[in-house]
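Read the structure below first, then the notes.
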4 protein chains.
Amino acid sequence: MSPRNVEKDLQKREIRIVHILSSAIEVMAVKGIGSVSMNDIASAAGVSIGNMYHYFKSKDEIFAELLRRGQTDYGEFVAIIAQKPDRAREKLYMICSTWLQMTNHWAYTILIHTARMSETSSEELRRQVTERFTNNLSPVAAIMEQGQREGEVKTGDPMELAFYFVSLIQGLTLQRAPGVEVPVGIEPADIVRLFLTAA
Amino acid sequence: MSPRNVEKDLQKREIRIVHILSSAIEVMAVKGIGSVSMNDIASAAGVSIGNMYHYFKSKDEIFAELLRRGQTDYGEFVAIIAQKPDRAREKLYMICSTWLQMTNHWAYTILIHTARMSETSSEELRRQVTERFTNNLSPVAAIMEQGQREGEVKTGDPMELAFYFVSLIQGLTLQRAPGVEVPVGIEPADIVRLFLTAA
Amino acid sequence: MSPRNVEKDLQKREIRIVHILSSAIEVMAVKGIGSVSMNDIASAAGVSIGNMYHYFKSKDEIFAELLRRGQTDYGEFVAIIAQKPDRAREKLYMICSTWLQMTNHWAYTILIHTARMSETSSEELRRQVTERFTNNLSPVAAIMEQGQREGEVKTGDPMELAFYFVSLIQGLTLQRAPGVEVPVGIEPADIVRLFLTAA
Amino acid sequence: MSPRNVEKDLQKREIRIVHILSSAIEVMAVKGIGSVSMNDIASAAGVSIGNMYHYFKSKDEIFAELLRRGQTDYGEFVAIIAQKPDRAREKLYMICSTWLQMTNHWAYTILIHTARMSETSSEELRRQVTERFTNNLSPVAAIMEQGQREGEVKTGDPMELAFYFVSLIQGLTLQRAPGVEVPVGIEPADIVRLFLTAA
DNA sequence: CATGAATGAGTTTTCATTCAT
DNA sequence: AATGAATGAAAACTCATTCAT
């Protein structure tokens, strides 16, 4: 085996993993998180069920990995936004509209909470999810603080404001689950406005 | 015909049903919604597993009934608040603090979303849940409108504001699920403040 | 209690029993014999399930009684026919057409065979059913013998002919079960003709 | 893609299916059709209960497949007999004696009728069973017609005669179920004779 | 790495029968 | 006699995981 091939194999493996994970989210969005079976995911990914276990040790590992990547990606996205030279209100708008546009985001959101609540998921997993959630609040809190310095964001503990901001978006995300939808519009600008001083 | 007191039987039955349902919520709060078995609920309620089926046709019916009662109770609570002679900001505060204090409320919230997402739950159930959710927005919207007339609540479509308010509270509720908790305080007054004009 | 009342009670009881039994056959014809539950029968009879056990010791007893009465009634019917002053060919015709006209007769027929085959039914029950079946062959065999004396019925062991005659009718009865039916006419005269010498 | 021999796998699967089906008939013949459980069949076939569901979606599917194969095999058998160069009376004799010699044939017969009667079995299944039954009458009807041309079979609609012939054999088959048996001999020659003109 | 057959524990559901009222 | 709640054993079915090929 040349090192070239080893590298290629690893790439292939990574592609496969990403493919399986996105298929998992996809099928979770259709079947409902609680009732997705290994078989469902394997079929959706076009992979044999036995082969799934070459990529993941268990079903729980799939969920854990899904969460890790989802939360990490989101964290990076928010961090990048936070470091931009724009004004705070614009940054909040970007986060808000981007998030709400993402299809399947509600699936991630439900998955996060399912993972945290299920006795099945290990204490360790729950701790990690909560830790990442909390960490991901920091960039948003930084934006809130920036906004307060700019005189546009309401006063109050920036971390608390960030918490409310993210919770609000998550709450709305859940309302966008497929099936029947709540017949009330969602306007990112209006959401951001709640956190601003000027009416 | 019957040597038994029919009315008393019906009362007993209702009491039993309520008891089973609250046991169900209780155990769901501990075990996690996805993994509650009929056996868990039966044990928690101190009822034999076979007997459960005298009160509910299926596990799904338990969930459906739980949702119906939970949403109806909440709707009545909000309607009563809305009709009080208090100011809007005070009403919002009452809703917010009451809701966040309720133990197990996160369980209802997750259950609502689980029900709406699972392919298992019928289209009919999903429709009903969404309809009740939407109906329950109205009293909150009325409060928003009142607040706008009083000059304290921010401008904007009252229904939209109500939607945000409820979504925010639901989003926060989810963060209060047992296990590891997010280390950020939740202050009802601060939440309400987001919807007010005066900083 | 006057003896008058006791007698009346017994009459009432008998009426009730007959009513339950006919409801049982009725519902077996709809639900299928294998899947009739005590509850089904009780509901069909408009009797509470607990009350069923005042009239029958068990579900098996219902089946046993159903068989006993069905076979006894049939036996009496055939015996009466056999003793009539008519010619054998006419007697055969009467048996054949009467039987095939009876609604639900297929249910009895299947029930007989189900009872004889199921390991559930006791050895004793199976013996009784077979014994009654065999006994009920005798009057038909007598008719066959009469017919042979009259020169109209084919030669051969009368008991064997009777066995074929009854088996043929039972086989046809099974084809008349509800649902889709075999699109071939059944003519009693043609059936009888099979057992006659003259074409 | 696959390091396994796909064709061989399919062959193995077919063998397994046939094995399970014959085990099912076997155990039905012992336990009685109504009370055969998945577990019984699995044990009889030496297969784990979970594995049964790799081959059949449900218990009903097993019954449906059993019927399909049984009726198809019988149809082929009869068709082959019909095309032989022999005389009609000899063909009828072959069908009759072969059928009555087949062990477990009564089990198929009862199964057919059980399937047609049970509300459990779908309308579709009942239609199929009846259709196959009707189709299988045709070769027998052809034999009857041949016999009429040969001057040995009684006059009358050949299809109707075939219907009677098959019903008679089925009726007799049911009498051969295990347990107590009717103490009357069954002679294929005598049965065929019923359909012949010459005494 | 790839496949899908095999396992067995676990889940929901049914049902004959008993029992307190 | 009448009712229907209660029980528990058993049935059908599911599914994560392992393993031979």
Side-chain angles (χ1 to χ4, degrees), chain A residues 9 12-13 16 35-43 46-62 120, chain B residues 1-6 8-10 12-13 16-17 35-42 46-62 120, chain C residues 9 12-13 16 35-43 46-62 120, chain D residues 1-6 8-10 12-13 16-17 35-42 46-62 120:
Chain A
D9 279 4
K12 254 187 172 175
R13 186 182 169 84
R16 202 71 127 156
S35 40
V36 182
S37 69
M38 269 313 238
N39 228 320
D40 291 331
I41 301 173
S43 299
V47 167
S48 82
I49 191 162
N51 202 14
M52 293 285 288
Y53 285 83
H54 281 280
Y55 297 104
F56 301 97
K57 268 208 297 285
S58 69
K59 191 184 167 185
D60 280 349
E61 204 190 73
I62 294 181
T120 323
Chain B
M1 266 303 221
S2 166
R4 284 165 63 180
N5 189 329
V6 175
K8 216 175 180 181
D9 277 8
L10 277 177
K12 259 188 170 175
R13 188 182 169 84
R16 206 63 139 154
I17 286 177
S35 39
V36 183
S37 72
M38 240 6 202
N39 224 322
D40 293 332
I41 301 174
V47 165
S48 82
I49 193 166
N51 199 17
M52 294 286 291
Y53 287 84
H54 273 279
Y55 297 103
F56 302 97
K57 271 205 296 287
S58 68
K59 192 182 167 186
D60 279 350
E61 206 189 74
I62 293 182
T120 322
Chain C
D9 279 5
K12 253 188 173 174
R13 186 182 168 84
R16 201 71 127 156
S35 39
V36 182
S37 69
M38 267 314 236
N39 227 320
D40 292 331
I41 301 174
S43 300
V47 167
S48 81
I49 190 162
N51 202 15
M52 293 284 288
Y53 286 83
H54 281 281
Y55 298 103
F56 300 97
K57 269 209 296 285
S58 68
K59 191 183 168 185
D60 279 350
E61 205 190 72
I62 293 181
T120 323
Chain D
M1 264 305 221
S2 165
R4 285 166 63 180
N5 190 330
V6 175
K8 216 174 180 182
D9 277 8
L10 278 177
K12 258 187 170 176
R13 188 183 170 83
R16 207 62 140 153
I17 285 177
S35 39
V36 183
S37 71
M38 250 350 214
N39 225 321
D40 292 332
I41 301 174
V47 165
S48 81
I49 192 166
N51 199 18
M52 293 286 290
Y53 288 84
H54 272 279
Y55 296 103
F56 301 97
K57 270 207 297 285
S58 69
K59 192 183 166 183
D60 280 349
E61 205 188 75
I62 293 183
T120 323

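Throughout, protein chains are lettered first and strands after them, A, B, ... in sequence-line order, and every chain is numbered starting at 1.
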Whole-Å distance between [N] [atom2] and [X] [atom1]?
X	N	atom1	atom2	result
D:I62	F:dA12	CD1	C1'	11 Å
C:K59	E:dC15	NZ	C1'	8 Å
B:I41	E:dT12	CD1	C1'	11 Å
D:N39	E:dG8	CG	P	12 Å
C:E61	E:dA16	CD	C1'	14 Å

- request: Just jot down the side-chain contact (heavy atoms from CB on, under 4.5 Å) partners of D:S37, sequence neighbours excluded, or say none.
  value: D:N39, D:D40
D:Y55: side-chain contact (heavy atoms from CB on, under 4.5 Å) partners, not counting sequence neighbours: D:R13, D:R16, D:I17, D:I20, D:N51
Tabulate atom names and distances for all N/O pairs under 3.5 angstrom spanning the protein and nucleotides 6-10 of chain F.
from: F:dA6; atom 1: OP1; to: B:R16; atom 2: NE; distance (Å): 3.1
from: F:dA6; atom 1: OP1; to: B:R16; atom 2: NH2; distance (Å): 2.6
from: F:dA6; atom 1: OP2; to: B:N51; atom 2: OD1; distance (Å): 3.3
from: F:dA6; atom 1: OP2; to: B:N51; atom 2: ND2; distance (Å): 2.7
from: F:dA6; atom 1: OP2; to: B:Y55; atom 2: OH; distance (Å): 2.3
from: F:dA6; atom 1: O5'; to: B:N51; atom 2: ND2; distance (Å): 2.9
from: F:dA6; atom 1: N7; to: B:H54; atom 2: NE2; distance (Å): 3.1
from: F:dT7; atom 1: OP2; to: B:S48; atom 2: N; distance (Å): 3.1
from: F:dT7; atom 1: OP2; to: B:S48; atom 2: OG; distance (Å): 3.2

- prompt: Among F:dA12, E:dT13, E:dC15, which nucleotide sits nearest the side chain of B:M38?
  reply: E:dT13
message: By nearest atom, which of the nucleotides F:dC13, E:dT12, F:dA16 is closest to the A:Y53 side chain?
response: F:dA16
message: Nearest 0.5 Å, please: how far is CD in B:E61 from CE in B:M52?
response: 11.0 Å
- prompt: Could you give the distance from CD1 (D:I62) to NZ (D:K59), rounded to the nearest 0.5 Å?
  reply: 9.0 Å
statement: Result for 5'-nearest mapping on DNA chain E, choosing between C:V36 and B:D40, is B:D40
message: Once pairs are restricted to Watson-Crick or G-U wobble with both distances under 3.5 Å, how does DNA chain F read as a dot-bracket string, [ ] for crossings and | for other-strand pairs?
response: .||||||||||||||||||||
- request: Could you tell me which residues satisfy side-chain hydrogen bond (donor to acceptor under 3.5 Å, both in side chains) with A:S48, sequence neighbours excluded, listed by chain and number?
  value: none
message: Check this one for me: any side-chain N or O of D:R13 less than 4.0 Å away from OP1 or OP2 of E:dG4?
response: no
message: Quick check on DNA chain F: between A:S37 and D:K12, whose nearest nucleotide comes earlier from the 5' end?
response: A:S37
field: Residues that D:K12 engages under salt bridge (Lys or Arg N to Asp or Glu O under 4.0 Å), provided they are two or more places apart
entry: none
